[in-house]
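A short write-up of the structure that comes next.
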Amino acid sequence: MAAAALRRDFTPVILTAALVLLLAGSAVVPAYLRFLFELALANGLAVMGLMLLMRAGLVSFGQGLYYCLGGYTAGIAGSFLGISDVFALLALGAAVAAVVGLLCGLLIARYREIFFAMLTLAFTMVLYGLLINNERLGSTDGFNVPAPHFLGWAPEGERLGLTLFVVTCVLVYVVALGLHRYLGSAMGYLGEAIRENELRVEYLGASVRRLLLVKYVLAAVLAGLGGVLTGLAVGHVDPDLANWTTSGEFLFMALLGGIENVAAPLLGALVLELVRSYALEYAPYLWQMTLGATMLVIILFLPGGLWSLARMRKGADLTPEL
Amino acid sequence: MLTLVVIVLDGLVYSSWLFIVAVGLTLIYGVLRIVNVAHGSFYALGAYVMASAAGYYFARGLPPQANYLIIPLAALVVGLVVGLPLERGLLRFFYGRDQVVLVLVTYAAFLVLEDATKLVWGVDPYYAVEPYRLLGTLSVGGLPYAVYDLCLIGVAGGLGAVLWWGLNRTRNGKLLGAVIHDREMSEAFGVNVTPIFTATFVLGAMLGALGGALTAPEISVVPGVGAEVIVLAFAVVVTGGLGSVVGAMLGALIVGMARAAVIHLAPSVELFVVYLVMAVVLALRPQGLFAPAAARKI
Amino acid sequence: MSAKVPVRAERRENPAARKVLGTVAGALAASLLAVCLPGRSWAQENQGSIKISFVSFLSGPASGPFGVPARNGAEVIVKALNQGALAAPYKTKGIAGRKIQWKFFDEAGGPQQQVAQYRQLVEREHSDVIIGYISSGDCKALAPVAEELKTLTVYFDCGSPTIFEDVDVNPHYVFRTGPHAMMDEAALARYTVGVDPNVKTLAGIDQNYDWGQESWKLFLAAMEQLKPGIQVTASQFPKLLSGQYGADISTLLTGRPDAIYTSFWGGDLEAFILQGNARNLFNGRRLLLSAGEPAMYRLATQIPDGTVICARGPHGVFAPDSKLNRQFRKVYHSAYGSWPTYPSYKIAQAILGVKTAYENAAKAKAGAAPNTEEVIRALANSKWVGPSGPVELALANGHQAIQANAIGQFKYDRAKGRPEIVDIKRYAARCVNPPPGVKSIDWVHSGFKGAQCD
């Protein structure tokens, strides 16, 4: 182990390199591509939260609940309360997600496996139903989110897109670094311990329930932040953000990228966006089939996700597969 | 008073439909521990096969009364042509993996089947209403009801009884019980698990297709019908208790009655009453109302 | 999940970290490369042509009744234009002498997906014009994006009046060449009161989503103006695609309304009619279908005679006879084996409006190719004739179309085995559309102030 400890932790390097690459790239690549990356990063936040839960053995089918809450918080604050500062909106979205996450988490943290998945699904579908019944919030059509300000500065058009992209990149970078630190801490490692054997963790003197609650709330906050950023980037929110298909897509992204490193969910989110964009372009009649087939190939041949490609040579036994 | 009678009758009809649509899902989960998203595809395929076969049948002027034979036939065809290859060609490679992986695998299969269905039938709606109209109406408290709908109650009851009997009172059913309870132990005692899994999956697929085939005469079959049914069937099965036939019946009754009551008394909340019932039941009793007892293995 | 698998989540002790870095960089580079590749090549690629991207539902429940008929309608018109084979006044080849290159895209995936796709249509495909969008949600989300990306965008179908009334109140790049839902509901209400002057009770059943809720709101408000004191016996909002209307039909039956209104479309409309028929729901009652026309051929034997049918404009069977209309119907029918319905007409109307504007702008420049701003100037407040008659961009600073409307009753001709529409009434455009600057719902509540009816 001593020798292993001397080896460097490359994740911060990778993340920093990716950040630099993205920021530098944003000046060169066409705006639609930047937008695709922005959506992928925002979704990636939600998927990182999902990863946190999955590492503890909990699979949520309802991260869309917090994602949607984040988006709607940004939209309502912007359209009805006149709050449009991007940082205030992020804080607000995170706070709402945290409060709801805590309330639901108190109930949900008792459940495991498929029951956990089903209950999270039920919660998100209740929100979906509530929003569709609400005509003031545009029912199924949703409503447009006004353009955000940045500490009093109100850019427009291309400059707004660019600024929002930079904010998204930096936020995701900071969150990813923080999450990486967390995963490397005792609390982070206890997640895997819970997944392997809950009883033993309890015997060791840790409170499984509290640990899971913390992870659940953290995941909710991350999904909420992702929702805020998506709402601002797209400029529109609608109840589909809470539909089960959205949550299913997050799971797909997690599976696609893998869950062994904080960067893996981001990779998964990015690849899915790209695959979908190209499927819609080249096979407008068969894009669902293309997505489904990609999904099957990944699950069958890369059970650890794309990230596991990096250590093929070490053998599959190190890959935490689902 | 009339309202109450109407609510109960509407609720019963809807519950029966829910049960028929959802029971295959619970059966497959009970044995294979797969939450089968592709159940929606079986439903859609059953509906499409029935609608086109019945259309052909009536266009040929064959004896109208015998058309009801197409319904089980459609289910059989879908079960064997789609269910069997799906289990043998795909799902079996994932046995032993996490339940959630299997959810995603079946979700992927659902996406593929959705477009495959579109390739075969196109995007135009199909309908074949003759079987629905043939049985006429029956007046209950002055309100006309379609006899076909009332028959669904009988079909659901019969289906439930046969499944219960088959699972609890036959040799094969008991073998199935053993496999559910402890797969390794059953294998050690010489039970050949593979054909049991395959047979259960195909049966579940047939039940899903049967739901679609029974529904086809009263709807117009369009792309997307399958997706709608999935979440509904989940809600029913989860409310009742995953893996239990009696639970599915109970879940269907609760959800169906709740929806009928809400439509009559408070139509604005109809949309999410199903999920609300599911969330409340799960919050109080996570394993569902009627889950089979599970032995805890450490 | 196997308990035997040791989970080494952290990469801290991984000697292969460099490989990880390499993989990430490789994946990023590969995806960048993939994305920067040019898109699917344009049909009939050539220099100096006009690129039009079309978007409508090619999958999902709205594809059968709306998306695919729209696609087919666009194909008929574009092909005829490129051959220079379309009837007068559109005899000239292509658009302003330039060939039309076109591509069709799926509207699936909701606003999020559509905004991403829209940006690609502008920046990757370099579309000159984007024509499309059936869902009001997509239209609302895309309006600000279109204004930002400065691309001529023509909505051909989406029906919500709020798009220019609340969302994009000062449109520049966005046009809607089809009238919005207000026109349908105002005309339908006038027609209903005209044929059933004694209507006293009314029931509504609409899908629980924006279009259903808004249609019912506008129709009911219009009925309350035209027939004060009208009673509503039930208003049901079943879930989209629920397919099971047993309990809803019971509530409609118990209220014994004189008329039943529905804005259902597609599979839901068909299921509702089948199930309502089986329970004698429509016996002795007027059925009002605000978007019923696409279903009238397919459900010909099922729709009760006397059902009031609206085509969201004078489209399909309502279209006045003209050489253009005859040609459109004939070519469409021989290509697809079915008659064009309102989505086909509406997309045709959108293309011809764009063609007219391009050519007027080119004429002003003595034949030189006009830029987007010049086309927009020519399109705003313009008038042209589509296969369903004259169209005028009269509302929202000349960005929102108004059109005459026509409504009639369904009748199945058993001898000929085909459906027909009888008792057609026509409404002048300014009779059933609000005047400029007035919001639809305010216009209804004001008692249709300023309506110019014959």
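The basis for the numbers below is simple: all heavy atoms, side chains too, and nothing from hydrogens, waters or symmetry mates. Letters go in sequence order (proteins before strands), and every chain restarts at 1.
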- Task: Evaluate the criterion side chain to side chain contact (heavy atoms under 4.5 Å, CB included) for residue pair C:Glu107 and C:Gln114; output intermediate values, then yes/no.
- Result: CA-CA 7 Å; C:Glu107 197 183 331; C:Gln114 284 309 312; 4.1 Å; yes
- Task: Nearest 0.5 Å please: distance from the CE atom of B:Met249 over to the OG atom of B:Ser15.
- Result: 10.0 Å
- Those residues of residues 276-288 of chain C that come under 4.5 Å of chain B on a heavy-atom basis, listed by number, are C:Asn277, C:Ala278, C:Arg279, C:Asn280
- Query: Cut-off 3.5 Å, side chains only: do C:Asn208 and C:Gln213 have a donor facing an acceptor?
  - Reply: yes
- Query: For C:Pro238, is it the side chain, the backbone, both or neither that has a heavy atom under 4.5 Å from a heavy atom of chain B?
  - Reply: both
- Message: How long is the straight-line distance from OG1 of C:Thr307 back to OH of C:Tyr412, given to the nearest 0.5 Å?
- Response: 14.5 Å
- If one checks every heavy atom of C:Ser338 against chain B at 4.5 Å, the contacting part turns out to be neither
- Close contacts, residues 137-148 of chain B versus chain C, judged by heavy atoms under 4.5 Å: B:Thr137, B:Leu143, B:Pro144, B:Tyr145, B:Ala146
- Name the region of C:Leu299, side chain, backbone, both or neither, that has any atom closer than 4.5 Å to a heavy atom of chain B. both
- Query: Distance from C:Leu202 atom CG to C:Met223 atom CE, nearest 0.5 Å?
  - Reply: 5.5 Å
- Message: More than 12 heavy atoms of other residues, nucleotides or ligands under 6.0 Å from CD of C:Gln231: yes or no?
- Response: no
- Message: For a quick check under 3.5 Å, do B:Arg33 and B:Tyr95 share a side-chain donor-acceptor pair by atom type?
- Response: no
- Message: Using a 4.5 Å heavy-atom cutoff, which residues in residues 210-226 of chain B come close to chain C?
- Response: B:Thr215, B:Pro217, B:Glu218, B:Ile219, B:Ser220, B:Val222, B:Pro223, B:Gly224
- Task: Could you go through the side chain to side chain contact (heavy atoms under 4.5 Å, CB included) check for C:Tyr342 and C:Phe66 one step at a time?
- Result: CA-CA 8 Å; C:Tyr342 81 70; C:Phe66 301 144; 3.3 Å; yes
- Taking the inter-plane angle between the rings of B:Tyr48 and B:Trp121 on a 0 to 90° scale, is it parallel (under 30°), tilted (30 to 60°) or perpendicular (over 60°)? parallel
- Between C:Ala271, C:Ala247, C:Gly243, C:Gly64, the one whose heavy-atom pairs under 4.5 Å with chain B are most numerous: C:Ala247
- Item | Winner by heavy-atom pair count (cut-off under 4.5 Å) against chain C, out of B:Glu114, B:His264, B:Lys118 | B:His264
- Message: For the interface with chain B, which of C:Gly67, C:Ser250, C:Ala62, C:Pro61 has the highest count of heavy-atom pairs at distances below 4.5 Å?
- Response: C:Ser250
- Query: Could you go step by step and tell me if B:Leu91 and B:Val105 meet the side chain to side chain contact (heavy atoms under 4.5 Å, CB included) rule?
  - Reply: CA-CA 8 Å; B:Leu91 292 180; B:Val105 169; 3.8 Å; yes
- Query: Which pairs count as side chain to side chain donor-acceptor pair (under 3.5 Å) when at least one residue sits in residues 55-66 of chain C, sequence neighbours excluded?
  - Reply: C:Ser59-C:Asp106
- Taking all non-hydrogen atoms of both residues into account, name the closest pair between C:Ile230 and C:Glu224 and its distance. CG2-CG, 4.1 Å
- Is it the case that C:Tyr336 and C:Glu75 place a side-chain donor and acceptor less than 3.5 Å from each other? yes
- Can you tell me how far CG of C:Leu240 sits from CD of B:Glu228, rounded to the nearest 0.5 angstrom? 7.0 Å
- Side-chain H-bond candidate by donor/acceptor type, C:Asp268 with C:Gln207, under 3.5 Å: yes
